[in-house]
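Every number for a ligand or one of its atoms is a count from 1 in the order of the listing.
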Amino acid sequence: MANIVTLRKTRSATRTERPKLWKVILLNDDYTPREFVVSVLKRVFRMSEDEAALVMLAAHRQGACVVAVFTREVAETKTAQANEAGLSKGYPLTFTTERED
Ligand code: TYC
């Protein structure tokens, strides 16, 4: 009679990891014109005029404002593009990136 071999199926656990996200933060300064901040938010972060104006005003009034959250690479790329836009015009416009908890 043939031997019967029973093999246990390798256990596979499915765990869904939450993707880590990075915040892009806009910092207020006293020199960058409001319209320029709005234009950068529209171009780099694809915001409407109204959204961009609200975010710019929030940073202006509070000192800083979260623009959006992205995966790390997208957050870093957009932060660099937005900072370069300010630098190219000689403005101290600053965006930073921070890991979301
Ligand atoms: N505070 C600037 C001004 O009065 C405008 C400004 C708003 C600059 C938001 C940066 O993140 C900023 N001209």
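Proximity of Leu26 to Leu93: side-chain heavy atoms (C-beta onward) are separated by under 4.5 Å at one or more points. Between Val44 and Phe95, every side-chain heavy-atom pair lies at or beyond the 4.5 Å cut-off.
For the side chain to side chain donor-acceptor pair (under 3.5 Å) condition, the pairs that include at least one residue of residues 29-39, sequence neighbours left out, are Asp29-Thr32, Arg34-His60. Residues in residues 70-88 take part in these salt bridge (charged side-chain N to carboxylate O under 4.0 Å, His left out) pairs, two or more places apart or across chains: Arg72-Glu76.
Think of Leu27 as one node in a network of Ile, Leu, Val, Met, Phe, Trp and Tyr side chains linked at under 4.5 Å; its network also takes in Ile25, Val66.
For a heavy-atom separation below 4.0 Å, the residues in contact with ligand 1 are Leu26, Leu27, Asn28, Asp29, Thr32, Arg34, Val37, Met56, Ala59, His60.
Classification of Lys23 and Glu100 as a salt-bridged pair fails, no side-chain N sitting under 4.0 Å from a carboxylate O.
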